[in-house]
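Report on the structure given below.
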Amino acid sequence: MLKHLDGVCHVYVDAAADLEMAVNVLDDAKTQRPGVCNAAETLLVDAAAAERFLPMAAERMRLRGVECRVCERSRPFFGPEAIPAEEEDWSTEYEDLILSVKVVDGVRDAVEHINHYGSHHSDSIITEDERARDYFMNRVDSACVYHNCSTRFSDGEEFGFGAEIGIGTDKFHARGPMALRELTSYKYVIEGDGQMKDPSRVPRKGRA
């Protein structure tokens, strides 16, 4: 069975992120079409970038009408309308204009959070740091991992596979966007003219 399940997708903003790019990518990932499986549900922000980035994110989310559910470390940047996040928020696919927000202590903390709470669908890092990029891309256990772009690109047609049937989050046999090719099996048709695996076992003429 090829499962097409939850889309608990993340955008992680690293300390070395281009913050203007980050807020635009977050906006696209969360609000361009919030009811689909590749929309972002959780924003993770490196503590080293929180004071600079979270006011930008809060303002953009307010502009888009997004309800934010925030951790204690991010709450001061979102004002009284922000809702304190609960444990279940980190693993919830809202499919709505709702975003959970968490401050993390660097890329390793972000990766641990994603691998624990995420659904192995699509996750993005925003950074100009090659080491942070490589760590994230190699360690996040998801079907699609992105660097400096929106999770909304997880789609069969966007990947050049044709009409999408689903996005597989398991590792066998199809992972990521699936089209008709991924739903087919194999049949081997072999023709011969008497070939044998062990011809030495054929009795020689004149012997019983």
Side-chain angles (χ1 to χ4, degrees), residues 5-127 132 135-136 139-142 144-146 148-152 154 169:
L5 292 177
D6 300 334
V8 182
C9 305
H10 301 75
V11 172
Y12 165 60
V13 178
D14 186 56
D18 176 326
L19 300 187
E20 190 65 33
M21 175 195 296
V23 77
N24 289 331
V25 168
L26 171 66
D27 188 1
D28 183 79
K30 176 71 257 183
T31 73
Q32 190 267 336
R33 194 177 170 196
V36 294
C37 64
N38 57 17
E41 305 292 13
T42 298
L43 167 66
L44 302 175
V45 181
D46 190 333
E51 288 190 10
R52 295 173 293 131
F53 180 71
L54 283 176
M56 299 169 63
E59 178 59 29
R60 185 67 67 90
M61 293 301 100
R62 277 195 291 268
L63 178 66
R64 300 299 192 195
V66 176
E67 174 188 296
C68 292
R69 301 184 182 181
V70 300
C71 72
E72 282 300 313
R73 296 168 76 183
S74 58
R75 191 173 184 181
F77 302 100
F78 285 84
E81 68 272 18
I83 299 171
E86 299 182 0
E87 179 68 16
E88 65 183 14
D89 285 304
W90 309 126
S91 56
T92 297
E93 182 181 16
Y94 301 113
E95 296 184 323
D96 200 352
L97 289 173
I98 303 171
L99 180 71
S100 58
V101 181
K102 184 177 178 65
V103 173
V104 295
D105 295 312
V107 66
R108 287 173 174 79
D109 196 13
V111 168
E112 288 179 9
H113 179 98
I114 291 169
N115 286 340
H116 181 75
Y117 292 103
S119 62
H120 312 292
H121 194 295
S122 301
D123 301 289
S124 180
I125 180 174
I126 313 301
T127 189
Y135 186 90
F136 185 95
R139 300 296 182 92
V140 168
D141 182 22
S142 294
C144 303
V145 288
Y146 294 92
N148 287 350
C149 57
S150 172
T151 58
R152 288 283 291 112
S154 292
T169 54

Can you list everything that forms a side-chain hydrogen bond (donor to acceptor under 3.5 Å, both in side chains) with T42? Sequence neighbours excluded, please.
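Only S100 meet the side-chain hydrogen bond (donor to acceptor under 3.5 Å, both in side chains) criterion with T42.
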Just to verify, what does S142 make a side-chain hydrogen bond (donor to acceptor under 3.5 Å, both in side chains) with, not counting sequence neighbours?
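So S142 forms a side-chain hydrogen bond (donor to acceptor under 3.5 Å, both in side chains) with D123.
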Listed by chain and number, what are the side chain to side chain contact (heavy atoms under 4.5 Å, CB included) partners of [X], not counting sequence neighbours?
| X | result |
| --- | --- |
| V25 | M21, I126, S150 |
| Q32 | D28, R152 |
| L97 | T31, P34, V66 |

Sub-4.5 Å side-chain heavy-atom contact between [X] and [Y]:
| X | Y | result |
| --- | --- | --- |
| L26 | V13 | no |
| V11 | Y146 | no |
| M61 | E67 | no |
| F77 | V70 | no |
| T92 | I98 | no |

For residues 12-25, pull every pair meeting side chain to side chain donor-acceptor pair (under 3.5 Å), keeping only residues two or more places apart or in separate chains.
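Applying side chain to side chain donor-acceptor pair (under 3.5 Å) to every pair that reaches into residues 12-25, excluding sequence neighbours, yields Y12-D14, Y12-D46, D14-T127, N24-R60.
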Can you give each donor-acceptor pair under 3.5 Å made by side-chain atoms of residues 78-86, sequence neighbours left out, with the distance rounded to 0.1 Å?
from : atom 1 : to  : atom 2 : distance (Å)
E81  : OE2    : R62 : NH1    : 3.3

Where at least one partner belongs to residues 21-43, residue pairs that pass ring pair (Phe, Tyr, Trp, His ring centres under 6.0 Å), sequence neighbours excluded
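Listed once each, the pairs would be none.
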Partner residues of R64 under the salt bridge (Lys or Arg N to Asp or Glu O under 4.0 Å) criterion, sequence neighbours left out:
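So R64 forms a salt bridge (Lys or Arg N to Asp or Glu O under 4.0 Å) with D27.
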Among all residues two or more places apart in sequence or in another chain, which pass the salt bridge (Lys or Arg N to Asp or Glu O under 4.0 Å) test with E72?
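With neighbours one apart ignored, the set is R75.
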What's the verdict on side chain to side chain contact (heavy atoms under 4.5 Å, CB included) for D6 and H121, showing C-alpha distance, side-chain angles and the deciding distance?
CA-CA 8 Å; D6 300 334; H121 194 295; over 6 Å; no
Suppose we screen for ring pair (Phe, Tyr, Trp, His ring centres under 6.0 Å). Which residues come up paired with H113, at least two apart in sequence or across chains?
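Listed in chain order: H10, W90, Y117.
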Pairs where residues 95-122 contributes a residue and the test salt bridge (charged side-chain N to carboxylate O under 4.0 Å, His left out) is met, not counting sequence neighbours:
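Residue pairs with at least one partner in residues 95-122: R73-D105.
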